[in-house]
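Data first, discussion second: the structure below is written as structure tokens.
Residue numbering restarts at 1 for every chain, and letters A, B, ... go by the order of the sequence lines.
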Protein chains: 2
Amino acid sequence: MVLNRTQVVDGACAMLDEQGLGGLSMRRLAQDLGVKPGALYYHVASKQDLLVEIAGRILEGRPISTVDARRAAHDIRDALLRVRDGAEVVSFALAFRPDALPGFRELHGLFAARHRSREAGWAARTLVRYVLGFVAEEQNYAELVGTTILDDVPARAEETDDAFRFGVEALVRGLDAVAEQEDT
Amino acid sequence: MVLNRTQVVDGACAMLDEQGLGGLSMRRLAQDLGVKPGALYYHVASKQDLLVEIAGRILEGRPISTVDARRAAHDIRDALLRVRDGAEVVSFALAFRPDALPGFRELHGLFAARHRSREAGWAARTLVRYVLGFVAEEQNYAELVGTTILDDVPARAEETDDAFRFGVEALVRGLDAVAEQEDT
DNA sequence: ACCTGAACACCGTTCAAGT
DNA sequence: ACCTGAACACCGTTCAAGT
């Protein structure tokens with residue numbers, strides 16, 4: 001079927017967006033691509049490998065600011081929200097292969113001006129964790145609304161945006177504040 | 001075999017701590033309890049139901065402060081660290097049934113003095129997310145060190161504690177700071 | 001009330017063999 | 001080089017039937 005790695009990842013991204021992470025299986029993906037399950041392993045080492053690749057695609061979708069922490073947080077959120085279960089996929093990839101995510105190592109620089117090197121790394125990771133956790137919850141809730149008979153509260157979207165901004169603001173301000181006494 | 005719900009949850013907790021979340025299956029649990037898989041479903045509605053129950057047990061292990069946000073964060077971390085993959089299990093439970101976790105709804109009160117009601121809820125959820133995200137990463141890393149040939153950096157534990165304190169301090173300070181201008 | 005037997009509908013992964 | 005066939009070792013869940 002002259003399949004290649006790019007097509008496998010493309011198909012996986014499409015399937016993720018349509019079925020969600022729970023509906024993305026190697027067997028289904030193979031069938032979707034008109035191929036037997038074993039064939040996928042000629043192009044991809046494992047499902048985990050595939051998920052890391054998908055995570056990369058998700059993050060490449062939107063450029064992430066490297067100068068403003070607040071903007072960076074919103075950029076990452078926007079990227080994650082473009083794909084169903086995006087936050088969960090990226091979280092997995094980050095846990096499994098922390099170095100392989102594009103645009104995440106550079107976030108260290110967001111705090112390099114105010115913080116010492118070690119603390120800048122902590123700060124960047126803290127911000128990323130906040131965004132991932134927030135969006136994972138957000139997307140998970142959306143999933144539950146879609147599946148279960150959970151009555152959707154109207155005007156939830158704007159309140160969610162407000163809640164996100166609230167957390168970003170608190171976190172960035174707090175990170176700035178603790179930077180000032182890093183001279184023990 | 002005169003099994004009851006408590007014994008099923010007990011067995012599941014033990015298996016979680018020994019095998020990790022990936023090694024906890026209904027079939028293995030059944031075999032461990034000397035019973036056929038189908039028997040478990042007489043005591044537990046589903047695996048998800050079981051995980052929510054386990055999450056409750058994990059959080060009940062340590063009392064969580066309701067007066068000091070910094071202490072509460074450390075209390076929650078301590079509770080999560082007592083069980084392998086504790087953070088992942090509690091995260092799942094929180095996503096799946098946000099109301100069924102003991103001691104989490106009360107955290108709202110930690111911020112009620114400084115914040116308006118809506119913002120106090122946001123603040124509490126932000127703090128919980130931080131702790132869960134941090135400990136999930138922490139436990140996941142420990143897992144990778146145990147499995148893969150990943151050379152463990154010495155003195156990592158103390159640095160991890162420092163990193164956690166750093167984030168808690170920043171977050172709590174930031175949350176306090178944004179509280180002061182909640183008069184739009 | 002509590003459990004077994006047995007099935008249903010799935011998984012990820014491997015690997016000899018084919019082309 | 002790329003894929004199939006076919007297996008291996010699993011999953012969660014259901015449900016008639018047994019005791």
Q | Side chain of A:S46 - closest among D:dG12, C:dT13, D:dC11 | A | C:dT13
Q: Please determine, for the side chain of B:R27, which listed nucleotide (C:dC3, D:dC11, D:dA7) has the closest atom?
A: D:dC11
Q. For C:dA1, does OP1 or OP2 lie under 4.0 Å from any side-chain N or O of B:H43?
A. no
Q: With the side chain counted from C-beta on, respond yes when A:F164 and A:H74 share a heavy-atom pair under 4.5 Å apart, and no when they do not.
A: yes
(Q) Using atom C1' in both nucleotides, what's the gap between C:dC8 and D:dC11 to the nearest angstrom? (A) 12 Å
Q: Please report, rounded to the nearest Å, how far the P atom of C:dC11 is from the CG atom of A:L40.
A: 12 Å
Q | Base-pairing mate for C:dA6 - Watson-Crick or G-U, with both contacts under 3.5 Å | A | D:dT14
Q. Just how far, in rounded Å, is P of C:dA9 from CE of B:M26?
A. 21 Å
Q | Upstream residue (5' side of DNA chain D) when A:N4 and B:Q48 are each assigned their closest nucleotide | A | A:N4
Q.
If I take atom CZ in residue A:R28 and atom P in nucleotide C:dT13, what distance separates them, rounded to the nearest angstrom?
A. 16 Å
**Q.** Atom-pair distance (CG on A:L24; P on C:dC10), nearest Å
**A.** 15 Å
**Q.** A:R5/A:D49 salt bridge by N-O under 4.0 Å criterion
**A.** yes
**Q.** N/O (side chain, A:Y41) to phosphate O (OP1/OP2, C:dT13) under 4.0 Å
**A.** yes
Q: Look at A:R84 together with A:D17 and state whether they make a salt bridge at an N to O cut-off of under 4.0 Å.
A: no
(Q) As a test of reading the structure: which of D:dC11, C:dC11, C:dC3 is closest to the side chain of B:Y42, going by heavy atoms? (A) C:dC3
Q: Using Watson-Crick or G-U wobble geometry with both distances below 3.5 Å, tell me the partner of C:dA1, or none.
A: D:dT19
Q. Rounded to the nearest Å, what distance is computed from the CG atom of residue B:L33 to the P atom of nucleotide C:dC2?
A. 15 Å
Q: Give the rounded distance in Å between these two atoms: CG of A:L29 and P of D:dC3.
A: 13 Å
Q. Among the nucleotides D:dC11, C:dC3, D:dC3, which one has an atom lying closest to any side-chain atom of A:L3?
A. D:dC3
(Q) What is the separation between atom CD on A:Q31 and atom P on D:dC3, rounded to the nearest whole Å? (A) 17 Å
Q: Give a yes/no verdict on a cation-pi contact between A:R77 and A:F134, requiring under 6.0 Å between NZ or CZ and the six-membered ring centre and an angle within 45° of the axis.
A: no
Q) Is it true that B:D176 and B:R173 have a side-chain N and a carboxylate O under 4.0 angstrom from each other? A) no
Q: Name the closest nucleotide to the B:K47 side chain, picking from D:dC11, D:dG12, C:dC11.
A: D:dG12
Q: Using heavy atoms to find the nearest nucleotide of DNA chain C for A:A45 and A:G23 separately, return the residue whose nucleotide is more 5′.
A: A:G23
Q.
By nearest atom, which of the nucleotides D:dC11, C:dG5, C:dC3 is closest to the B:K36 side chain?
A. C:dG5
Q) Between atom CZ in B:R5 and atom P in C:dC2, what is the gap in whole Å? A) 13 Å
